**Student:** 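Please see the structure below; I have some questions.
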Amino acid sequence: MDFIKNIINWSSGPTVLFTVVTIALALSLKYTQVWSKKFAYILFGVMGVFYVSSMFDPNFFLIVAKPDNVPITFMLFLVAFFTWFALYQGVENDKRVAAGEEPMEKQEQDKVWVWPDLVYVELLCMVLLTIGLVVWSILLPAPLEQPANPADSPNPSKAPWYFLGLQEMLVYFDPWLAGVVFPTLIVVGLLAIPFIDTNPKGNGYFTFKERRTEIAIFLYGFLVLWILLVISGTFLRGPNWNFFGPYEYWDPHRVEPLLNVNISDFFWVRGLGRPLPSNPILREFVGIGMVLFYIGVLPVVLAWPKEKFPKFLRWMSLHGYYEKMGPARYYLGVSLFLLMMSLPIKMYMRWIWDLKYIVAFPEIFFNI
Amino acid sequence: MAKPAPGHAYDISGLNVVFAISSILLFVTTIWMIWADYSREWKGYQRQFSQMEREMTGRQIQEADAAVNQRELQRIEGDLATAEQELEAKQAEVAQREDELEALNDQRTLADIRERSLKSVYDSKKFFFEESEHEGTIAPYGKHVTAEEFEAFDNEFVAARDERIAIEFDRDAVERTIRDAQARVGELNGERDSLVQSATLLRRKASAIAQNLPNTFRNLPMVDFIDPSIEVQQVLVTNLTEDLNFAVVSRIDRCKTCHLGIDNPDYADAEQPFRTHPNLDLYVSGESVHPRDSFGCTSCHEGRGRAIDFVGVNHSPQNGEQEHEWVEKYGWKEDHHWDRPMYQNGMAEAGCQKCHGDQVLLPGAERFNLGRQLYEAAGCWGCHNTVGFEDQRNVGPKLEHLVAKTTPEWAARWLKNPKSFKQSTYMPRFWDLENNLDADIGARNQTEVAAIVAYVFDKAKPLDYGVVPDGNDERGRELVETIGCLGCHITDESNLAEVDWYRTRGASLAGVGSKVNREFLYNWVKDPKHYWEETFMPDLRLTDGEAADVTAYLMTLRNETFEQLPVPQIDNAALDEIALEFLRAGLPIAQAEERLGSMSAEEKTLYSGEGLIRRFGCFGCHEIEGFEDAQKIGVDLSTWGSKLVPRLDFGYIDIPHTRQEWFENKINHPRSYDRGKVKGAPEKLRMGYFGFTEDEVQAIATKVLGQTRTSLPAEAQKNLNANEAIGERARVLIHEYNCRGCHLVDGFGGGIYETEVMTEDVGFRPPNLNTQGARTQASWLFDFLQDPSEVRFWLNVRMPTFHFDDEQLNTIVSGFMAMDETHPFAISAAVPVDAATLHIGSQLLDRLRCEQCHLAAAAGTMSASQLAPSFRLTGERLREEWLVDWMKDPQTITPGTQMPQFWPVNDAGDRITPLPDILEGDPEAQMRAVAAYLMRYAE
């Protein structure tokens, strides 16, 4: 039992979990036959067994049974369900379309039986929901902590769950980026989707094959870059924002070394063996160059036709998209996509090379 | 579920089943919700208590009934029967009178109506008449009133009034007649009611709390918002505020919701939570000085007053057993969300300090008093800054002249383990504790001790003692046992637990011969301030011969076992290690080693000694040259009672996470929090081990846990009035100079009373200082304290000369005055008294034979306990009013005195005299005559 717990603890670490989930998502979108009813049972079965059997571990219980975290668990089951449902329907519809039939949604009437069917079912939903809420509120009273003491801040100090993804990002990014720029970009990006994504397919019916790229990008961004970070922030971060596996005791005395290095340190101190230059621009020129390349040059380069790329990099060319979407949409979409991908890229750079900042201007509190 | 019928999306009959089940579930859930809201822990306790009240009231009714004087009751009932019969006989007449009364009342009503109507018109007519008469005004049309009109109307009105008054007069007469007839019956009824009054009240109470339908209905769910009898009981205290970090709010204590019998003395034996509060005359009850309505409960006991469940209130279990019991019974767990849990049972006196911060002695708070005494005596404040202890004199002696007192060998053995020489010492042990056991690092411990001793002796300066004569130790022993040394000192530690605490204020003299040299001891007993100006040891006015004898005797008191102990030696390797450690604090390793190499052994020793003294903070208790401005090494304890528990380092010690547990463990095992930790020598915990008993530890914990950050508004605190403040300042001096070693002050003390001489004959005891302020004249007391004169010639003990300064003398004298609320200066016996009174006074003295005991010299056949001060001293020494009080009742002033009470109070409460022929047997006058005479006795 301890062996299994240790494995789970180890595999919940940010590096392993992130990588494994990304790969699992990619595989499941490549081999879509996975999304079946049988898969649902397996998925929910595993989640249920994991959850229930873990409740016997006192440390896991403390985290999960905290009244604030109970709804999060509910929502995770809901997320899993809706993801599965959408993809399952999509795969079903794809099969039907491949066989020449219409998608399932087109077969439904455009009218709904109201009395008694709809109304009755609505009433039943109300009653069952009321029962659920009342029982929940009796068994789990609203949590109330002590009068706030400025000399005694809670450890860990966690934001509400909907911000925990951002708080987790704070591990890798400067607060300006993780707290202001990224949330803005997320909102702007979501707003811009109708402008960028003009694919008329998939309107009013589930599909996967016809909207493969869009769904893949969205699921990656939502499930991995958001939900997974929320899970990590809620359940796997303990005192001092150290990582603790689900079965580990939240020891506030644990000390983990944090020896992260900037690009400028890599270049000047470790690379050239020199002290850092006093001129900030000179000091950070490598990082600045990297960022400018990534944001400014890379989108343009990616739009080049395939022939301009060496053979092994041919797959990276986005020329097709450039042609299809036109420059405006292309550049907007690619820029947003690159900015979104900068999060996992930075995370991996941190994990592999202990990278702290690509560009570091502590004088003006601006770091990337 | 079956397939939906055509025209339907769902199978309706299936849905019907779902609806039925879910409706039932909803109903059940609603009932559950109402129940969950209604059912509360405290309601159970209140119901239980109601039942107890009903039983108690029932019992009390029985007792009250039994207590009624049956004969008296029967007599009243008999008389009542007779009176009622008489009334019966007069019934017809009474009925007639009542009819008359009714008729008269009706008439009166009519007459009254008539009068009042007339009056209103009269008032108006008077107004308009005046207007009409007045030259400058014109009455409105139709309102003009002539003089004749007015007079006529006036007469009409007056007639109506007279008629009403006449009717009333008649009516009152008839009423009186009726009342007189019924008087006797009413009177007897009243008598009977007062006889059974308490039983009646109890019956009323019983019916109010009876288990009947209305009382049950009041408390049902959903209707109990109207007027429940089972409800939360709270007290709101606005001035004793609570600090919620971001707000300061009034205190609301809801403890009585469960602790229903807390102020009712009938429940002294009930089970908890209904038991009465102990000491109701001091706490909780309305007549006490700490009534619950003004103080609440949490102001003393802490805890969360607003909560109304057992766990939420933060009750603290006494020990592991009780914790288990509570976990099972109440689901108790530590509350991490409240920083001020209740004090454990018995520790409530920690809460006194919030309001009684200035006071040194709190009558009734034994544990606190002991805690404060120990905190001061053991010198906790020497290492730990504490508000209120800033100006204290150092607890330990000055080490400036140590070389003139003892040897380095003695000092090293002592320093290593003080209790090996003197069990009663408060000096703690710093070596051979958990994180520096001799077994682990023996050589280093010895080296540290030897280095410190070397440093101190190097800095110590010799003293010139002059010639020291030889003495006789037998005579010395007699002196020590009789002249009063034993009030502050003991010479034998074999029975330490039984010794009075005040006799341990001075250093124990057991084994002193092994410690000091003869020259020092002679010099010390002759003039202690020569060695250490700030010593509290007084001067006993010993002659050279007496001093030599005492010295000779004390030098025979040796501690053989201690003398055999090995002397800690310097180990060169360890010395290098220590010196290097200190050097590396300021230099890099290479330079440090170089410096080390260049130091001689002596330099290394002194350098290490200085560093070690700085590390262990010796200067906190002892004055050492070079450390005058050094900072105390310990944590500031002024607000330790508010320390957040998460900030305490429990290390690897498995104890409950509460302040009290941490503190007690710290005192009992000061270095235990280092267990299992990797620490270099400079980082190790340094607190010494004091060896306190369990009671002492709890007392000190009471003191320190009460040192909180709470700052109550000034009007909420106990503000000492002028007299109390002076009294407290005097008590500080009384404590410092250990008056209670010999005397009873405030009713306790008198350490010396337990010595052999004093137990054989209580007459040899130093006097009880009760009412000292009211007893003696201020100027005499001042002079006496400055330079004691003989008052009781038979005493062998000497009142020492303390060499007080002006400020101290005034504080003590005015302090005694303040304690008795008398004035320092009084109208003295200069007030002339006529010769007749004086003569009578002298007569009384002869008749009562006062001078048989109040002798000037030579005991004769009188034993020490019978002797009393001579009257020649009275005029200058005592106060006349006090003399009268003394004569009235000597036992209340000095319990156990042999002075007879010549003017006692008899059973009826009158004072009687044994001499009814003098001054017409008036006790008051006789006493005053005696007092007046005594004040002029010397003339």
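Remember, it's a predicted structure, so these values are computed and weren't measured experimentally. Numbers restart at 1 for each chain; the letters A, B, ... are given by sequence-line order, proteins then strands.
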**Student:** Measure the spacing between CG of B/L26 and CE of A/M126 and express it to the nearest 0.5 Å.
**Tutor:** 11.5 Å
**Student:** Would one find more than 12 heavy atoms of other residues, nucleotides or ligands at under 6.0 Å from atom OH of A/Y162?
**Tutor:** no
**Student:** From B/H336 NE2 over to A/Q146 CD, what is the distance, rounded to the nearest 0.5 angstrom?
**Tutor:** 10.5 Å
**Student:** Answer yes or no: are there more than 12 heavy-atom neighbours, outside A/F81 itself, under 6.0 Å from its atom CZ?
**Tutor:** yes
**Student:** Report which part of A/L133 has an atom under 4.5 Å of a heavy atom belonging to chain B: side chain, backbone, both, or neither.
**Tutor:** neither
**Student:** More than 12 non-hydrogen atoms from neighbouring residues, nucleotides or ligands closer than 6.0 Å to CZ on A/R254, yes or no?
**Tutor:** yes
**Student:** For chain A, which candidate among B/M33, B/R304, B/H8 shows the most heavy-atom pairs at distances under 4.5 Å?
**Tutor:** B/H8
**Student:** For chain A, which candidate among B/A36, B/S23, B/P646, B/A9 shows the most heavy-atom pairs at distances under 4.5 Å?
**Tutor:** B/A9
**Student:** Does any backbone or side-chain atom of B/R647 lie under 4.5 Å from a heavy atom of chain A? Answer side chain, backbone, both or neither.
**Tutor:** side chain
**Student:** Should we say atom CH2 of A/W136 is surrounded by more than 12 heavy atoms from elsewhere, each under 6.0 Å from it?
**Tutor:** yes
**Student:** For residues A/P116 and B/Y10, determine if any side-chain heavy atom of one lies less than 4.5 Å from a side-chain heavy atom of the other.
**Tutor:** no
**Student:** Is it true that, when you exclude A/W113 itself, more than 12 heavy atoms of the residues, nucleotides or ligands shown sit nearer than 6.0 Å to its CH2?
**Tutor:** no
**Student:** Please state whether the side chain, the backbone, both or neither of A/L123 comes within less than 4.5 Å of a heavy atom of chain B.
**Tutor:** side chain
**Student:** Using a 6.0 Å cut-off, check whether atom NZ of B/K679 has over 12 heavy atoms from anything other than its own residue.
**Tutor:** yes
**Student:** Taking atom OH of B/Y38 as the centre, report whether more than 12 heavy atoms of other residues, nucleotides or ligands fall under 6.0 Å from it.
**Tutor:** yes
**Student:** Could you tell me the separation between the CG atom of A/L144 and the NE2 atom of B/H337, rounded to the nearest 0.5 Å?
**Tutor:** 8.5 Å
**Student:** Less than 4.5 Å apart, side chain to side chain, heavy atoms only: is that true for B/L644 and A/N149?
**Tutor:** yes
**Student:** Top residue by heavy-atom pair count (under 4.5 Å) with chain B, among A/V135, A/N155, A/L118?
**Tutor:** A/V135
**Student:** Measure B/D37 against the heavy atoms of chain A and call it side chain, backbone, both or neither at under 4.5 Å.
**Tutor:** neither
**Student:** Ignoring hydrogens, what is the shortest heavy-atom contact between A/V127 and B/S22? Give both atom names and the distance.
**Tutor:** CG1-O, 3.7 Å
**Student:** Distance from A/D117 atom CG to B/L15 atom CG, nearest 0.5 Å?
**Tutor:** 7.5 Å
**Student:** Counting only heavy atoms closer than 4.5 Å, note whether A/I131 contacts chain B via side chain, backbone, both or neither.
**Tutor:** both
**Student:** State, with a plain yes or no, whether a side-chain heavy atom of B/W32 is found less than 4.5 Å away from one of A/V134.
**Tutor:** no
**Student:** Measure across A/P150 and B/N245 and return the closest heavy-atom pair with its distance rounded to 0.1 Å.
**Tutor:** CD-CB, 4.2 Å
**Student:** Using a cut-off of under 4.5 Å on heavy-atom pairs, state which of A/A148, A/S137, A/P252 scores highest against chain B.
**Tutor:** A/A148
**Student:** State whether the number of non-hydrogen atoms from other residues, nucleotides or ligands found under 6.0 Å of B/F27 atom CZ is greater than 12.
**Tutor:** no
**Student:** Determine the option with the most heavy-atom pairs under 4.5 angstrom with chain B, choosing from A/V112, A/V121, A/L128, A/T130.
**Tutor:** A/V121
